[in-house]
Protein chains: 2
Amino acid sequence: MLHQINPGQTTIRPQVFNGSNASAPNISDDRLETVGTLMSYGRDEEIFGEGEVSARFYKVMSGSVRTYKILDDGRRQIVGFHLPGDFFGLEAGDRHTLSAEALCETNAIAMKRSAVLERASRNKSLFEKLWKITTLELSRSQSHALLLIKSAQERVQDFLLDMAEREASHGEIELPMSRQDIADYLGLTIETVSRTLTLLEKTGLIALPSTRRILLKNFAALRASQG
Amino acid sequence: MLHQINPGQTTIRPQVFNGSNASAPNISDDRLETVGTLMSYGRDEEIFGEGEVSARFYKVMSGSVRTYKILDDGRRQIVGFHLPGDFFGLEAGDRHTLSAEALCETNAIAMKRSAVLERASRNKSLFEKLWKITTLELSRSQSHALLLIKSAQERVQDFLLDMAEREASHGEIELPMSRQDIADYLGLTIETVSRTLTLLEKTGLIALPSTRRILLKNFAALRASQG
DNA sequence: CGACCATTTGATATGGATCAAGCGATGTGG
DNA sequence: CCACATCGCTTGATCCATATCAAATGGTCG
């Protein structure tokens with residue numbers, strides 16, 4: 001089951017979070033997450049579901065999140081992975097157009113949509129920050145579509161390079177997601193992802209010390225678009 | 001050539017366009033395009049290119065536009081088609097992350113990015129409009145990614161339904177784009193698009209009175225996800 | 001009317017899906 | 001602490017949807 005939740009692991013400890021220095025409150029603080037609620041989620045726990053009323057944005061503080069859509073036939077398309085520092089839940093209407101789940105133990109700040117939008121419409125710096133986040137997300141989504149027309153090997157390579165860059169790790173990736181998650185993000189089957197990783201290892205482009213750890217051994221070759 | 005421009009057909013007639021009633025200027029006009037420059041483009045003419053400095057947003061007034069990216073190997077992925085009323089050119093950085101071309105004779109209002117952002121950061125109504133447009137584009141892009149993991153038949157059907165809805169035509173579509181454009185949008189080859197349309201015609205779901213005109217004869221069946 | 005370009009149709013090839021085992025890590029109960 | 005069950009991943013064999021290569025048709029414009 002894709003939606004499985006482990007109730008035993010789940011712990012939500014909402015608490016008011018104020019990012020600004022309490023002793024020197026700053027009315028023009030330009031951080032989006034200045035006032036929000038810190039939420040904790042267990043592995044595979046749902047943060048929000050497609051169709052639910054969308055009242056909040058989120059910023060990942062620790063852990064990671066997947067956002068996804070389910071097709072009629074049950075297939076799942078992962079729209080994005082959200083690492084610490086990333087925002088998610090930015091959506092047009094008053095209902096979520098996708099679902100979000102924690103990949104592992106995750107802390108995220110939940111911000112009231114209305115409050116953030118209200119503040120952004122009066123604070124130029126905040127507005128610019130929100131604009132940047134949203135258009136960056138748009139750009140990411142467009143690049144994702146570009147990914148989906150490439151060959152399996154290119155998709156996997158691009159994914160590894162993207163993860164390495166986002167984790168700012170110099171060639172050593174710690175994957176927070178399963179092979180199935182990767183497959184659903186790349187529009188491939190789990191078997192193809194696995195085979196491609198094995199092939200990349202045999203070619204010497206990467207090493208696989210454990211399933212969740214990958215070493216990129218040849219950035220240049222990984223970047224070169226291949227079949 | 002994908003980039004071919006027919007210089008003979010090209011006519012740019014920039015002119016100041018003021019959407020508000022000149023006799024009653026309204027400082028809080030909440031239309032994004034209130035002040036802009038009306039531009040005209042010929043068939044296949046480039047409006048902006050990937051990598052160019054991005055100074056402007058655009059709103060399509062008549063005609064239609066394709067935005068796209070080119071992969072290393074020369075393949076082209078069309079990111080979106082923009083019909084009258086649609087905006088394009090909303091991007092994060094100071095450089096365009098994609099290219100835009102007119103599909104046919106097209107008029108569009110070009111608005112200075114900086115001016116629009118400046119005004120939106122002070123005018124709540126304008127801010128909300130800009131927010132809506134941007135998040136809608138984000139949502140569209142995510143749905144597009146969803147499209148790309150479906151079967152050829154589903155992609156074509158979804159495309160036809162989407163066009164019908166956007167043209168607000170009750171089952172009669174006038175396509176502003178070629179088969180190659182459709183193929184590059186759907187991540188298929190031109191042959192597969194053609195074959196799929198032929199199949200849909202044989203099944204009685206659509207009729208093809210001419211290559212650029214398509215009649216949807218069975219919405220229910222088109223909506224039903226098929227292999 | 002003829003040339004050209006877009007589209008359709010046909011034949012074949014192939015990358016990735018599907019179906020099916022096997023393997024290895026992780027966790028649980030004895 | 002170890003045997004075993006479980007789950008996630010890898011590997012193998014085969015199939016199929018769509019790409020590719022090739023040719024025919026049709027529509028448009030000089």
Side-chain angles (χ1 to χ4, degrees), chain A residues 1-2 4 6 8-9 43-44 71 73-77 103-104 147-157 159 175-203 206-214 225-227, chain B residues 1-6 8-9 42-44 71 73-77 103-104 147-157 159 175-202 206-214 225-227:
Chain A
M1 270 304 289
L2 296 171
Q4 78 189 37
N6 308 11
Q9 299 180 16
R43 191 156 109 79
D44 293 327
L71 287 165
D73 62 4
R75 264 177 307 170
R76 178 183 69 162
Q77 172 67 23
L103 284 168
C104 54
L147 229 194
L148 296 176
I149 66 162
K150 297 186 181 181
S151 71
Q153 197 175 333
E154 283 175 303
R155 293 187 216 191
V156 172
Q157 293 182 181
F159 170 73
L175 295 176
M177 72 291 283
S178 70
R179 293 287 188 271
Q180 187 63 61
D181 287 327
I182 298 172
D184 289 350
Y185 176 71
L186 299 180
L188 299 170
T189 59
I190 187 175
E191 293 95 330
T192 299
V193 171
S194 183
R195 272 187 254 271
T196 306
L197 287 172
T198 305
L199 182 66
L200 290 175
E201 188 183 31
K202 278 179 184 152
T203 328
I206 65 171
L208 298 162
S210 77
T211 45
R212 293 283 179 117
R213 280 187 60 234
I214 301 183
S225 285
Q226 307 190 11
Chain B
M1 269 306 289
L2 296 172
H3 278 278
Q4 78 187 37
I5 292 175
N6 308 12
Q9 299 181 16
R43 192 156 109 79
D44 293 327
L71 286 165
D73 62 5
R75 265 177 306 169
R76 178 183 69 163
Q77 172 66 23
L103 283 167
C104 53
L147 228 195
L148 296 176
I149 67 162
K150 298 186 182 181
S151 71
Q153 197 174 333
E154 283 175 303
R155 293 188 215 189
V156 172
Q157 293 182 181
F159 170 73
L175 295 176
M177 73 290 285
S178 71
R179 293 287 188 271
Q180 187 63 60
D181 287 327
I182 298 172
D184 289 349
Y185 177 70
L186 299 179
L188 299 170
T189 58
I190 187 175
E191 292 95 330
T192 298
V193 170
S194 182
R195 273 187 253 270
T196 305
L197 287 171
T198 305
L199 181 67
L200 290 174
E201 187 183 32
K202 277 180 184 152
I206 65 172
L208 299 161
S210 76
T211 46
R212 293 283 179 116
R213 280 186 61 235
I214 300 184
S225 285
Q226 307 188 12

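First the proteins, then the strands, lettered A, B, ... as listed; each starts at 1.
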How long is the span from the CD atom in Glu191(B) to the OG1 atom in Thr196(B), to the nearest 0.5 Å? 11.0 Å
In whole Å, I'd like the distance from the CZ atom of Arg212(B) to the P atom of dT28(D). 10 Å
What base-paired stems does DNA chain C take part in, with at least 3 consecutive Watson-Crick or G-U wobble pairs and both distances under 3.5 Å? C:1-30 with D:1-30
Could you write out each protein N or O paired with an N or O of nucleotides 8-13 of chain C at a distance under 3.5 Å?
residue : atom : partner   : partner atom : Å
dT8(C)  : OP1  : Arg179(B) : NH2          : 3.1
dT8(C)  : OP2  : Arg179(B) : NE           : 2.9
dT8(C)  : OP2  : Ser194(B) : OG           : 2.8
dT8(C)  : O5'  : Ser194(B) : OG           : 2.9
dT9(C)  : OP2  : Thr198(B) : OG1          : 2.6
dG10(C) : N7   : Arg195(B) : NH1          : 2.8
dG10(C) : O6   : Arg195(B) : NH2          : 3.1
dA11(C) : N6   : Arg195(B) : NH2          : 3.4

Can you find a pair of side-chain heavy atoms, one from Leu197(A) and one from Ile214(A), that are under 4.5 Å apart? yes
Can you check the Leu175(A) CG to dG8(D) P distance for me, whole Å? 16 Å
Please assess Leu148(A) against Arg155(A) for the test side-chain contact (heavy atoms from CB on, under 4.5 Å), listing each intermediate value before the final yes or no. CA-CA 7 Å; Leu148(A) 296 176; Arg155(A) 293 187 216 191; 4.2 Å; yes
Arg76(A) (side chain) donor-acceptor with Asp184(A) (main chain) under 3.5 angstrom: no
In this structure, how many angstroms lie between the P atom of dG15(C) and the CG atom of Leu148(A), rounded? 19 Å
Would you mind telling me which of dT20(D), dA17(C), dT18(D) lies closest to the side-chain atoms of Ala152(B)? dT18(D)
Please examine the side chains of Ile182(B) and Leu175(B), heavy atoms only from C-beta on, and report whether any two atoms are closer than 4.5 Å. yes
Once you apply a heavy-atom cut-off of 4.0 Å, does Ser178(B) come out as touching a base, just sugar-phosphate, or nothing? sugar-phosphate
How many whole angstroms separate atom NZ of Lys150(B) from atom P of dA17(C)? 17 Å
Quick one: do Val156(A) and Leu199(A) satisfy side-chain contact (heavy atoms from CB on, under 4.5 Å)? Show the steps, please. CA-CA 11 Å; Val156(A) 172; Leu199(A) 182 66; over 6 Å; no
Spacing between Arg213(A) atom CZ and dA25(C) atom P, to the nearest angstrom: 14 Å
Can you list the steps and then say if Leu200(A) with Gln153(A) is a side-chain contact (heavy atoms from CB on, under 4.5 Å)? CA-CA 8 Å; Leu200(A) 290 175; Gln153(A) 197 175 333; 3.8 Å; yes
Which whole-number value in Å describes the distance from Gln180(B) CD to dC5(C) C1'? 13 Å
Side-chain donor or acceptor of Arg179(B) paired with backbone N/O of Ser194(B) under 3.5 Å: no
Taking atom CD1 of Ile149(B) and atom CD of Glu154(B), what is their separation to the nearest 0.5 Å? 9.0 Å
Once you round it to whole Å, what is the distance between P of dG16(C) and CZ of Arg155(A)? 7 Å
Return the value, rounded to whole Å, for the distance between atom CG of Asp44(A) and atom P of dC7(D). 13 Å
